[in-house]
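As structure tokens, the structure follows; a few thoughts come after it.
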Protein chains: 2
Amino acid sequence: MTGATERPARQPSMTDVARTAGVSAQTVSRTLRDSPNVNPETRKRVLAAVEQLGYRFNNAARVLSSGRSHTIGLVLLQSGGYYSRSAVTAGVEAAAGEEGYAVSIATIARLDTGLMERSLSKLADQGVDGIVIAVPLISVTQKMEDITRDIPTVTLDGSRTASARVLGIDQKEAGRIATRHLLDLGHRQVWHVSGPDEWIEARQRRQGWQECLAAAGVEAPPPLEGDWSPDSGYRQGQVLAMIPDVTAVFAASDEMAFGVIRALREGGRSVPADVSIVSVDDIELAAYCAPPLTTVRQDFYRSGAAAVALLLRQADAGETLVTASLSVRASTAPPRSR
Amino acid sequence: MTGATERPARQPSMTDVARTAGVSAQTVSRTLRDSPNVNPETRKRVLAAVEQLGYRFNNAARVLSSGRSHTIGLVLLQSGGYYSRSAVTAGVEAAAGEEGYAVSIATIARLDTGLMERSLSKLADQGVDGIVIAVPLISVTQKMEDITRDIPTVTLDGSRTASARVLGIDQKEAGRIATRHLLDLGHRQVWHVSGPDEWIEARQRRQGWQECLAAAGVEAPPPLEGDWSPDSGYRQGQVLAMIPDVTAVFAASDEMAFGVIRALREGGRSVPADVSIVSVDDIELAAYCAPPLTTVRQDFYRSGAAAVALLLRQADAGETLVTASLSVRASTAPPRSR
DNA sequence: GTTACAGATGGCATCGATAACATAGGCTCT
DNA sequence: AGAGCCTATGTTATCGATGCCATCTGTAAC
């Protein structure tokens, strides 16, 4: 009570541990980093001291002296595709965590090069060792180039900068699988409600659809563009409902598909009796809304993890690491044979 | 080509800037941190030098010397409630960004105290200045207490530790609003499909439901517990479908509600003609699946932002900052008057 | 019995920014 | 005019871990 109880309450440092263990700070450092040349006996003493003092290493100091932060930045888009975004984030974080990396996020409110630049700067300021861009940016500015030249960067499904590598999810494949399924059911023509044109995902899915139709000798009708939201699907669905001979629709996302379905039904078409619909994502709700959706699932968690592997390992910039598979449910059927 | 072109390629440091601007490093530091006592003239010179050299401050060094990292940690649960998680994340990141803070995330795969401890340790190791726990943890371990004693922490809808403050979202209110709506429509009894009992959200929504029924003099039937997934809603819906006099159901999340609806329909009940359903969340799809869902919306983006404000400002640990509002759509109707 | 060399450890400078203190003018007040 | 103070700036020590080099002890090689 006289002040003798006073404690500095400072976190113990490596020097403290060294003192307790009766070795030098350098040895403590080596022990904690699994350097090869440490006597097992010494190591034990050091670890005991760490335990006893509740030592926790100071990341900032480590970064400052080693030059590497063991943090990777993740750039996300705030809107659109809640599901895939969450899955990508989880995959990135898990893979990074396993390698001892932390993940720092920067979200941008919408696709905009200015916002993108600011986010990259922010991450660069934090001294991240690498960046995963999970935003389908298409145009790349000088400033972005500058940053990605200094920091290893992997773009998930976006444009390639001079130095950023791109991890492709084969979105074309998704488009092809969906379209193929409809053609196999006997439909003669497949309409498409696409995502916004600035999204690479959207473009590629559309390409897959076009190619598949072309391969079948069918001329593709003009695609109807949405913005991933159910509402945009609904509006394009109203358009489709006015076209008499539509029997099959490929929607670029589950959420838009539900919008399309609603509009078609309000327009007097039955799904799947009159019109079949396939989409992409396989969100959890796809199986539970009415009708259960036939949809192409892609493993975004895996693609997040793969992006990290690519970043840290300098692994092959493999073009396609993520596969797509079709979940057939009740939104598709053969065309009415009339 | 003779080596004269060689550049160290090192990032310029504050000293470099100082040299270029003809001032001391300290003055540069003061300028960049908006210290009051800097001559406008000097400031201009410094900023020019910064611009010219493309100077970018070294975060690690700043952390090391100032002791503050300007980073806050965000703990998320990987599964369950994609929507609210994304919204919370965005809110946290936006609010933190405005205050000049970065956000580092740590996700845990499931509700588990061990995983939770590890995540907190990880964030503590990174030297975060504060932590937002967006995981509804209920039991708190000694280790968690230790960490939250050293680092300011705000829990969004979770248990209070000795030192962590809690930002309450009034989930009870959501339960009350939903139940009230059904009673107002004329239903005599309201069943409840709840979230998992370990989630505070789930408990509170259930309490709101119970209190509202109690206030109306109705004895609450036993709640049916789900895990937020559509599938769990479906299974509990099958139970409800076997009970003859069910006319109104309050589901604790939109996703479960869709599962319930599907099961009820398969069991021969029409929604909303035979059974009305209200849920909570108002995800985007709520309006587009069949039937459009009557649901209680809560603003998770705002609550994420509020958590950050609470953390950084030491603002009032106000109990309820986030309000709930009802979106009435087509899954509810007055009971069949027979 | 030197020499050579690997293993184990310590000493010291260093990373870059900042806090704390020091200094030098210029101004106000009595 | 001198005390007192505020403004603008420089100097120095420091944060904690690590890289590099030095040192010391065995021990294998010649």
Side-chain angles (χ1 to χ4, degrees), chain A residues 8-47 49-50 53-71 100 102 124-129 150, chain B residues 8-47 49-50 53-71 100 102 124-129 150:
Chain A
R10 197 176 43 88
Q11 292 280 11
S13 80
M14 219 168 229
T15 315
D16 300 325
V17 174
R19 197 176 316 117
T20 306
V23 297
S24 76
Q26 187 54 227
T27 302
V28 175
S29 171
R30 272 192 279 256
T31 304
L32 295 179
R33 278 178 305 145
D34 292 321
S35 243
N37 298 340
V38 176
N39 190 311
E41 197 60 39
T42 312
R43 144 167 290 131
K44 208 178 295 173
R45 277 217 315 286
V46 169
L47 294 181
V50 165
L53 297 178
Y55 168 74
R56 162 162 295 153
F57 80 87
N58 181 316
N59 195 49
R62 169 177 289 194
V63 174
L64 184 55
S65 57
S66 74
R68 288 177 317 129
S69 66
H70 279 267
T71 297
D125 282 347
Q126 288 172 54
V128 297
D129 290 338
D150 293 341
Chain B
R10 200 175 42 88
Q11 292 281 10
S13 78
M14 216 167 232
T15 317
D16 301 325
V17 175
R19 195 174 321 115
T20 307
V23 297
S24 76
Q26 186 55 226
T27 302
V28 176
S29 171
R30 274 191 278 255
T31 304
L32 296 178
R33 279 177 305 144
D34 292 321
S35 243
N37 298 339
V38 176
N39 190 310
E41 199 58 41
T42 311
R43 143 167 291 129
K44 208 177 294 174
R45 275 218 315 288
V46 170
L47 293 180
V50 164
L53 297 178
Y55 167 75
R56 163 161 294 154
F57 80 87
N58 181 316
N59 195 49
R62 169 178 289 195
V63 174
L64 185 55
S65 59
S66 73
R68 287 175 317 129
S69 66
H70 279 268
T71 297
D125 281 347
Q126 288 174 53
V128 298
D129 290 339
D150 292 343

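Throughout, a chain's letter reflects where its sequence line sits, starting with A, and its residues are numbered from 1.
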Per side chain to side chain contact (heavy atoms under 4.5 Å, CB included), A:R45 is matched among A:V17, A:V23, A:N39 by A:V23
For the base of D:dG10, is there a side-chain donor-acceptor partner from B:R30 under 3.5 Å away? yes
Identify whether any heavy atom of B:T27 sits under 4.0 Å from a base atom; if not, whether one sits that close to sugar-phosphate; answer base, sugar-phosphate or nothing. sugar-phosphate
Give one of base, sugar-phosphate or nothing for B:N37, where a contact means two heavy atoms less than 4.0 Å apart. base
Rounded to whole angstrom units, what separation is found between the CG atom of B:N59 and the C1' atom of C:dA17? 11 Å
Decide yes or no for B:M14 and B:Y55: does some side-chain heavy atom of the first lie under 4.5 Å from some side-chain heavy atom of the second? yes
Under a 3.5 Å distance rule, please check whether A:T42 uses its side chain to pair with a backbone N or O of A:V38 as donor and acceptor. no
So A:V23, base contact, sugar-phosphate only, or nothing? Heavy-atom distance under 4.0 Å. sugar-phosphate
Partners meeting side-chain contact (heavy atoms from CB on, under 4.5 Å) with B:T20 (sequence neighbours left out): B:A49, B:Q52, B:L53
Just to be sure I understand the rule, does A:V63 reach a base, reach only the sugar-phosphate, or reach nothing, if contact means heavy atoms closer than 4.0 Å? nothing
Indicate, with a heavy-atom threshold strictly under 4.0 Å, whether A:V38 touches base, sugar-phosphate, or nothing. sugar-phosphate
Inter-axis angle, terminal five-pair segments of the helix from C:dG1-D:dC30 to C:dT30-D:dA1 [nearest 10°]: 30°
Do you know which two heavy atoms are closest between B:S69 and B:D129, and how far apart they sit? N-OD1, 2.9 Å
Contact check, side chains of A:L47 and A:L32, non-hydrogen atoms, under 4.5 Å: yes
Result for 5'-nearest mapping on DNA chain D, choosing between B:Q26 and B:S65, is B:Q26
Interatomic distance, A:N39 CG vs C:dA8 P [rounded to whole Å]: 6 Å
Which whole-number value in Å describes the distance from B:F57 CZ to C:dC15 P? 19 Å
